[in-house]
Amino acid sequence: MRVLNIGSLNIDYVYSVDHIILPGETEDTGSRNVFLGGKGINQSCAVAKAGVEVWHGGLIGEEGKMFLDACDEYGVNRTYIRTVEGPNGHTVIQIDKNAQNSILLFGGANQRFTKDFIDEILANFTSQDILLLQNEVNLLAYMVDRAYEKGMTIVLNPSPFNDKLKSVDMGKVSIFILNEVEGFQLTGENDPDKILQKMHQLYPNARIMLTLGKDGAVYFDGEQKVYQPIFPVQAVDTTAAGDTFTGYFLAGLVEGLPIPEILKMSAKASSICVTRPGAVPSVPYRAEVMEALK
Ligand code: RIB
């Protein structure tokens, strides 16, 4: 069973601010840092750092070569990352004094997938493999349809949640990994138990991994429901906390670990991630996570 993740690669321009800027306001920033990010590559790096082999499919612009170096450093297979003309995907991220963020996303190269390129990537994978997806690339619905035809296990993190998701046949998804805001957007429910119930009603064959911010995370597959609280820490930057959780969760599933163990490991990895600035570089390695769990 191999993991293929087709997803975004963004250059994150991160500004520390007193508060998230208000409409019409001009605010001085304390610092600017540039990090590698993008939900896609963050999650691939998390899978790889958790110790599971992962192939990343993605598109970078001419200034995106550092992503290839990062893949080599962290052990992400980059055979299916191509360079296209034009700018890389990038974000402008504000981090306020409480470590909360707001993200402005420019899709760039991430929005330049073609059906031919998707077919070319998927041709190398089979029904034994897993396809992980988020919503920062174009042709998401096509990826889901083609992967489903091949019998692949489709894992969807429907983030960021927007109208583009309406074209995706969610009934083809085997595992949803989502937060409570996305849960509300998909089901109209606010209460975590109701979100899970409704998701199960809508997609009875899917497993649901619902993250709840400071309230932890809860897994439900129709029979087993497992709750995991957070490990409290002093956060400096919450960017990529969800991606770290997703990558570790998937790695645990691939390894066949029991769900409670997977949730504990994923929550611990996320708690370490938020104590560090940046996205890709803030994802901890498995050894560190296991050591911290002792
Ligand atoms: O999930 C965090 C990521 O969202 C950031 O790295 C940023 O690039 C945005 O895609």
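All residue numbers refer to positions in the sequence shown, counting from 1. Just so you know, ligand 1 is whichever comes first in the structure, and atom 1 is the first atom listed for that ligand. Here the structure is a predicted model, which means the values were calculated and not measured.
- Among all non-hydrogen protein atoms, the one lying nearest atom 7 (C) of ligand 1 is D12 OD1, 3.3 Å.
- The number of heavy atoms from other shown groups lying within 6.0 Å of CD (Q234) does not exceed 12.
- Using a 4.0 Å heavy-atom cutoff, G38 is listed among the residues neighbouring ligand 1.
- Salt-bridge annotation for E180 and K214: absent, with no side-chain N of the basic residue lying under 4.0 Å from a carboxylate O of the acidic one.
- When hydrogens are left out, the protein atom nearest atom 4 (O) of ligand 1 is K39 NZ, 3.2 Å; that is the closest non-hydrogen contact.
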**Request:** Any chance you could lay out the side chain to side chain contact (heavy atoms under 4.5 Å, CB included) test for C71 and I81, step after step, and finish with the verdict?
**Result:** CA-CA 10 Å; C71 286; I81 299 181; 3.7 Å; yes
**Message:** Could you walk me through whether F220 and H200 satisfy the ring pair (Phe, Tyr, Trp, His ring centres under 6.0 Å) test, starting with their C-alpha distance in whole Å, then the side-chain angles of each, then the deciding distance to 0.1 Å, before giving a yes or no?
**Reply:** CA-CA 8 Å; F220 185 54; H200 182 58; 5.5 Å; yes
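- Classified by interplanar angle (parallel below 30°, tilted 30° to 60°, perpendicular above 60°), the ring pair W55/F125 is perpendicular.
- Atom numbering of ligand 1 starts at 1 in the shown order; those under 4.0 Å from a heavy atom of A279 are 6 (O).
- A cation-pi arrangement is absent between R78 and Y80, since the terminal nitrogen or guanidinium carbon is not both under 6.0 Å from the aromatic centre and inside a 45° cone about the axis.
- When heavy-atom distances to ligand 1 are checked against a 4.0 Å cut-off, V280 has no atom that comes that close, whether in backbone or side chain.
- Between I103 and ligand 1, a contact under 3.5 Å exists for no N or O pair.
- With respect to atom 10 (O) of ligand 1, the closest heavy atom belonging to the protein is E136 OE2, 2.6 Å.
- Residue N10 has at least one N or O atom closer than 3.5 Å to an N or O atom of ligand 1.
- Where the criterion is an N or O separation shorter than 3.5 Å, residue side chain and backbone included, D243 meets it with respect to ligand 1.
- Atoms of ligand 1 found under 4.0 Å from any heavy atom of G37, numbered from 1 in the order shown, are 6 (O), 8 (O).
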**Request:** Tell me, with the steps shown, if D243 and K39 meet salt bridge (Lys or Arg N to Asp or Glu O under 4.0 Å).
**Result:** CA-CA 6 Å; D243 299 329; K39 292 185 195 307; 5.0 Å; no
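- Other residues, nucleotides and ligands contribute at most 12 non-hydrogen atoms within 6.0 Å of the CD atom of E53.
- Looking only at heavy atoms of the protein, atom 3 (C) of ligand 1 is closest to N42 ND2, 3.6 Å.
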